[in-house]
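First up is the structure itself, then whatever we jot down about it.
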Amino acid sequence: MDPRHVKPESIAAQALGWVDERTRAIAPPLHVATTYLRDPDNQYRSGRIYARADNPAYDQAEALLAELEQGSHAALFASGMAAATAVFQALSPGDHVLAPKVMYWSLRNWLMNFATRWGLQVELIDMTDPAAVRAALRPGKTRLVWIETPANPLWTVTDIAATVEAAHAAGARVAVDSTVATPVLTRPLTLGADLVMHAATKYLNGHSDVVAGVLVTRQDDEHWRAIKAVRAQVGGTLGSFEAWLLVRGMRTLYLRVRHASAAALRIAEHFHTHPRVEAVLYPGLPSAPGRAVAAQQMQGGFGGMLSLRACGGEAAAIATAAHVGLWKRATSLGGVESLIEHRASVEGAGTPAPPDLLRLSVGLEDPGDLIADLEQALEKAHR
Ligand SMILES: Cc1ncc(COP(=O)(O)O)c(C=O)c1O
């Protein structure tokens, strides 16, 4: 398949059209070896030595992700956190980095509790405000700007191209956590970003049965080589079966993300004016502060994640979650089944999530069924 002549959904459906040369199998073989034979003259001409550093089980997933994100190289990791933290671990003590105040909470905790102890100067800012970004950049000192868009759990939107312009002018790289947008809706590297990160645990795999992460780079530069060294030496390497499942999951990525985005918009519009709902947070709503930027940098939808703020505060939110039937009360996102979660209970102290906020991950069920289930849960919560 020549990727220049077909749409990304065709590339994803056939996982690049690769066929196993030896057997002509259309589904890839599962490689499980941890070590590789050395040549008699003491060389490793295959380029493979040991599976902590690299693994043929990664080749198809990494090539597919590099193609979908329009990057030069991709690297799989054992989790989204392993991928994200490798980006920071490849920097040096004393380097200054900017990250958003609203972002995936576990990474924010790691940055504040571990990265700072290791000597990174981490500054949390309002990444949605280009003026705040420009003011915080320290030319020659700021090495990395971390963006998450749309960002957990308020679904705030950051203008990737504008942030890249400011960061590059100050000599800083830009990395984007694009877990929620996926390459279906946004391709940050085409907007100038240097790195894209995904918790592949979510939409890329899509079936709530793999923990994985990935980074895709625009170019094979010094920072990328340091990231690859972190993977090989720290050992946040993915298992072979997980990589195999990930390729299988990505074949339906475009169908799943488009369905979830259309359904999330319908759910957001339905509850936006609902008497039991204080507010709906979703970048696709005309009232959302990030709507204009989202419309520019997200193509074909606004993603499958939204949050509802229940009238009646924390107790009403928790009671609503207690009364759902079809929605599953669970953390995580991007799977085929729809999930509901009282986010402040998960994030604890310091969360930007208001106590009345329910985070919703929309799956592949009928959107009318999901709306009806939430309707009855909101009613019961107020009895
Ligand atoms: C936006 C985002 N980034 C990163 C992560 C971390 O991924 P993982 O759980 O695979 O480590 C998550 C997990 O929820 C996430 O939602």
Side-chain angles (χ1 to χ4, degrees), residues 61 65 69 74-89 99-112 114-115 127 146-158 160 175-186 188 193 195-216 230-231 234-239 242-243 245-246 249-250 257 260 264 281 283 298 302-307 328 330-335 337-348 351-353 357 359-363:
L65 282 158
E69 288 289 6
L76 296 183
F77 286 82
S79 65
M81 280 298 287
T85 55
V87 175
F88 295 95
Q89 286 175 311
K101 283 184 184 156
V102 177
M103 67 185 294
Y104 174 57
W105 71 290
S106 213
L107 183 58
R108 187 181 61 234
N109 281 355
W110 182 85
L111 285 171
M112 301 321 287
F114 286 84
M127 202 61 78
W146 185 267
I147 294 175
E148 180 179 325
T149 184
N152 263 293
L154 309 179
W155 318 114
T156 47
V157 176
T158 291
I160 297 172
V176 181
D177 181 341
S178 198
T179 297
V180 169
T182 80
V184 178
L185 307 177
T186 305
L195 287 165
V196 180
M197 175 257 154
H198 292 280
T201 314
K202 317 297 175 183
Y203 290 100
L204 295 184
N205 180 64
H207 294 75
S208 308
D209 52 11
V210 167
V211 175
V214 66
L215 295 172
V216 186
V230 170
R231 185 178 79 172
V234 177
T237 39
L238 188 65
E242 284 71 16
L245 278 173
L246 182 56
M250 286 193 291
V257 170
L281 311 182
M298 300 181 83
F302 297 93
M305 296 302 300
L306 70 153
S307 294
K328 295 282 169 279
T331 197
S332 198
L333 59 101
E337 59 290 299
S338 295
L339 305 180
I340 186 166
E341 176 173 58
H342 180 249
R343 195 63 193 165
S345 298
V346 175
E347 299 195 8
T351 177
L357 183 142
R359 189 181 84 166
L360 306 180
S361 169
V362 179

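Just follow the structure's listing: the first ligand is 1, and inside any ligand the first atom is 1. Side-chain atoms are counted along with the backbone in the values below, which use heavy atoms only and exclude waters and symmetry mates.
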* Is T201 reaching over with its side chain to a backbone N or O of A212, donor-acceptor style, under 3.5 angstrom? -> yes

Exactly one of L333, V362, L281 clears side-chain contact (heavy atoms from CB on, under 4.5 Å) with M305, and that residue is L333

Given M127 and T149, is the side-chain contact (heavy atoms from CB on, under 4.5 Å) satisfied, shown in steps?
CA-CA 10 Å; M127 202 61 78; T149 184; over 6 Å; no

Step-by-step side-chain contact (heavy atoms from CB on, under 4.5 Å) determination, E341 to V346: CA-CA 8 Å; E341 176 173 58; V346 175; 3.0 Å; yes

Donor-acceptor pair, S79 side chain versus V211 backbone, under 3.5 Å?
no

Provide, line by line, the atom pairs where ligand 1 and the protein bring an N/O atom each to a distance under 3.5 Å; else say none.
unit_1, atom_1, unit_2, atom_2, d
ligand 1, 3 (N), D177, OD2, 2.7
ligand 1, 10 (O), G80, N, 2.8
ligand 1, 10 (O), T201, OG1, 2.6
ligand 1, 11 (O), G80, N, 3.1
ligand 1, 11 (O), M81, N, 2.8
ligand 1, 14 (O), K202, NZ, 2.9
ligand 1, 16 (O), N152, ND2, 3.4

* Short side-chain donor-acceptor distance under 3.5 Å, W105 and T351 -> no

